[in-house]
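Values below: every heavy atom of this structure, side chains too, minus hydrogens, waters and symmetry copies. Each chain gets a letter, A, B and so on, in the order the sequences are listed, and its residues count up from 1.
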Protein chains: 2
Amino acid sequence: MTRSALTIEYALLGLLYQQPRHGYEIYQELLAEDGLSLVWRLKQSHLYALLAKLEQQNYVTATLEPQDSRPPRKILQLTPAGREAFLSWLRTPVPQGRQMRQEFLAKLYFAHRLEPTTSATLIDKQRDICADWLASLQNQADMLATERPFEWLVYQFRIGQIEAMIHWLDVCEQAPAAVGEHAA
Amino acid sequence: MTRSALTIEYALLGLLYQQPRHGYEIYQELLAEDGLSLVWRLKQSHLYALLAKLEQQNYVTATLEPQDSRPPRKILQLTPAGREAFLSWLRTPVPQGRQMRQEFLAKLYFAHRLEPTTSATLIDKQRDICADWLASLQNQADMLATERPFEWLVYQFRIGQIEAMIHWLDVCEQAPAAVGEHAA
DNA sequence: GGCCGCATGTAATCTGTTACATGATTCT
DNA sequence: AGAATCATGTAACAGATTACATGCGGCC
């Protein structure tokens with residue numbers, strides 16, 4: 001469950017949220033322009049493995065759609081449980097800074113496309129949390145300023161990263177409408 | 001070999017660079033104040049597993065030091081190969097931004113303690129590389145400004161992170177002597 | 001008597017990741 | 001003839017992580 005994997009799964013749920021799709025279609029979607037390909041890259045076989053797992057967990061159900069002279073498409077559809085899991089994931093800010101790089105970006109992607117009205121809420125929540133991190137880090141950094149120079153540097157690093165995130169969140173909010181525009 | 005692990009191994013080599021130690025001693029060192037505990041946390045059993053691996057790879061050799069009424073200490077010592085691997089790791093800047101968070105911090109930790117004269121070089125090299133990332137990212141962001149708003153946001157995020165890193169590297173250089181002070 | 005410190009590992013689990021497999025159709 | 005697209009997976013590897021195991025001595 002090395003964080004990255006769990007999140008990819010939510011992203012897959014997100015792609016199924018709008019409409020049922022089959023695996024190959026999802027694969028295309030992941031490679032699409034202005035899509036998630038900048039955030040994650042998945043091998044095809046890995047994708048199918050993940051989808052199978054989601055089926056096992058009862059987040060999706062499958063129905064076969066036969067085709068002539070091609071393997072039948074396995075149309076995947078979110079279950080109520082899957083829907084709920086996805087929405088609750090989508091509305092929850094990430095609890096750790098390192099999860100901004102991929103996980104929050106993914107949430108933002110879907111928030112703009114699927115729930116544009118609440119995307120500002122997500123950003124606000126996340127900014128509050130970032131502000132908490134920042135305060136806590138600054139606090140800890142101050143406490144050990146000179147006696148523990150290495151740890152101080154570590155905190156300075158994190159502080160800088162968080163500050164940049166907060167600044168970036170502001171940019172996100174100022175350019176809100178644009179981001180979702182090219183979606184269905 | 002999910003990045004994080006490989007790096008921990010180099011950090012272990014670093015702890016053996018100054019002096020031979022046994023596993024339990026390394027474990028203590030990892031928990032020490034102003035040490036690497038802020039960067040990584042290792043379970044004891046995991047540590048022993050990693051040390052065994054380093055032995056297999058011929059980066060360390062072991063000699064048993066008997067004790068009365070205690071398990072014998074297994075004193076670990078760097079081989080020439082281990083020394084070289086560590087030093088070359090130490091002097092090489094990290095090739096990806098996400099490796100700054102743990103890996104570069106670790107390099108800096110050892111650079112200040114073991115090779116203080118070259119730590120400024122490491123910082124400079126890393127800053128150059130960061131500058132390259134930045135230029136490349138800015139370039140790519142400009143190319144897709146309005147047509148691909150999500151990808152643009154992703155780039156903006158990364159740009160902000162890199163800028164903060166560069167700024168932090170400046171701080172590192174300005175507070176140079178202090179960081180190594182409390183080491184042996 | 002019970003807990004902590006010392007000092008070591010092994011053995012199993014868990015899970016991410018990928019190499020490989022299949023096979024028909026259409027385009028060049 | 002050969003490559004690419006469509007469409008699916010399985011089976012196995014690799015390697016991170018940890019639960020568990022051991023056992024003595026000293027302290028409260």
Side-chain angles (χ1 to χ4, degrees), chain A residues 1-12 15-16 20-32 37 39-57 59-77 98-99 102-103 106, chain B residues 1-12 15-16 20-32 39-57 59-77 98-99 102-103:
Chain A
M1 195 197 282
T2 49
R3 200 81 254 127
S4 67
L6 232 209
T7 303
I8 292 183
E9 286 160 40
Y10 283 108
L12 298 181
L15 292 174
L16 292 171
R21 299 175 203 262
H22 59 278
Y24 192 79
E25 205 181 341
I26 292 176
Y27 185 65
Q28 317 270 53
E29 190 70 20
L30 281 173
L31 300 175
S37 63
V39 178
W40 284 298
R41 243 162 251 289
L42 273 199
K43 305 262 181 199
Q44 209 181 7
S45 51
H46 192 188
L47 171 64
Y48 282 106
L50 290 173
L51 291 175
K53 228 166 87 186
L54 288 177
E55 222 183 317
Q56 272 191 339
Q57 290 169 16
Y59 284 158
V60 303
T61 48
T63 51
L64 286 183
E65 183 185 278
Q67 293 183 116
D68 28 312
S69 77
R70 287 221 186 283
R73 289 175 172 164
K74 194 170 175 180
I75 309 286
L76 301 168
Q77 197 173 177
R98 57 179 153 187
Q99 289 165 12
Q102 295 191 305
E103 185 148 3
Chain B
M1 193 197 281
T2 50
R3 199 83 250 128
S4 68
L6 234 210
T7 303
I8 292 184
E9 285 160 38
Y10 282 109
L12 299 180
L15 292 174
L16 292 170
R21 299 176 203 261
H22 59 278
Y24 192 78
E25 206 182 341
I26 292 176
Y27 185 64
Q28 317 269 54
E29 191 69 21
L30 282 174
L31 301 175
V39 178
W40 284 298
R41 245 162 250 289
L42 271 199
K43 306 261 179 198
Q44 211 180 5
S45 50
H46 192 188
L47 171 64
Y48 282 106
L50 289 173
L51 291 175
K53 227 166 88 185
L54 289 176
E55 223 182 316
Q56 273 191 337
Q57 291 170 16
Y59 285 158
V60 303
T61 49
T63 51
L64 286 183
E65 183 185 277
Q67 293 183 118
D68 27 314
S69 78
R70 285 216 187 285
R73 289 174 172 166
K74 193 170 176 181
I75 309 285
L76 301 168
Q77 197 175 175
R98 57 181 152 187
Q99 289 165 11
Q102 295 191 306
E103 185 148 3

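Rounded to whole angstrom, the span from the CZ atom of A:R21 across to the P atom of D:dT8 amounts to 13 Å. Rounded to whole Å, the distance from CD1 on A:I8 to P on C:dT15 is 15 Å. Look at CG on B:L42: it is 10 Å from P on D:dT18, rounded to the nearest Å. Between B:L51 atom CG and C:dT10 atom P there is a gap of 12 Å when expressed in whole angstrom units. Rounded to an integer number of Å, the gap from B:E9 CD to D:dA16 C1' is 10 Å. C:dG16 atom C1' lies 18 Å from atom CZ of A:R41, rounded to whole Å. Separating the CG atom of B:L50 from the C1' atom of D:dG15 is a distance of 11 Å, rounded to the nearest angstrom. The CH2 atom of A:W40 sits 15 Å away from the C1' atom of C:dG16 (whole-angstrom rounding).
At a threshold of 4.5 Å between non-hydrogen side-chain atoms, the residues A:L54 and A:E9 count as touching. A heavy-atom distance below 4.5 Å is not found between the side chains of B:V60 and B:L51.
No engagement by A:E65 is indicated, since no non-hydrogen atom pair under 4.0 Å with the nucleic acid exists. If you check every strand for non-hydrogen atoms under 4.0 Å, B:Q28 touches sugar and phosphate atoms only.
What you find for B:L76 and B:L16 is that their closest heavy atoms are O-CD2, 3.6 Å. When all heavy atoms of A:A32 and A:S37 are compared, the pair lying nearest together is O-OG, 4.0 Å.
Not counting sequence neighbours, A:E29 has no partner by the side-chain hydrogen bond (donor to acceptor under 3.5 Å, both in side chains) test. B:E25 pairs by the side-chain hydrogen bond (donor to acceptor under 3.5 Å, both in side chains) definition with B:H22, not counting sequence neighbours.
For the OP1/OP2 pair of C:dA7 and a distance below 4.0 Å, the side-chain nitrogens and oxygens of B:Q67 include at least one atom meeting the criterion. The shortest distance between the side-chain N/O atoms of B:Y24 and the OP1/OP2 oxygens of C:dT8 is not below 4.0 Å. Listed pair B:K74 / C:dG9 meets the phosphate criterion, a side-chain N or O lying under 4.0 Å from OP1 or OP2. Look at A:K53 and you'll find a side-chain N or O under 4.0 angstrom from OP1 or OP2 of C:dG16.
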Can you name the atoms? Protein N/O to nucleotides 18-25 of chain C N/O, anything below 3.5 Å, with the distance.
{"unit_1": "C:dA19", "atom_1": "N6", "unit_2": "A:S45", "atom_2": "OG", "d": "3.1"}

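For residues 67-77 of chain A, the pairs satisfying side-chain hydrogen bond (donor to acceptor under 3.5 Å, both in side chains) are A:E55-A:K74, A:Q67-A:R73, with sequence neighbours left out.
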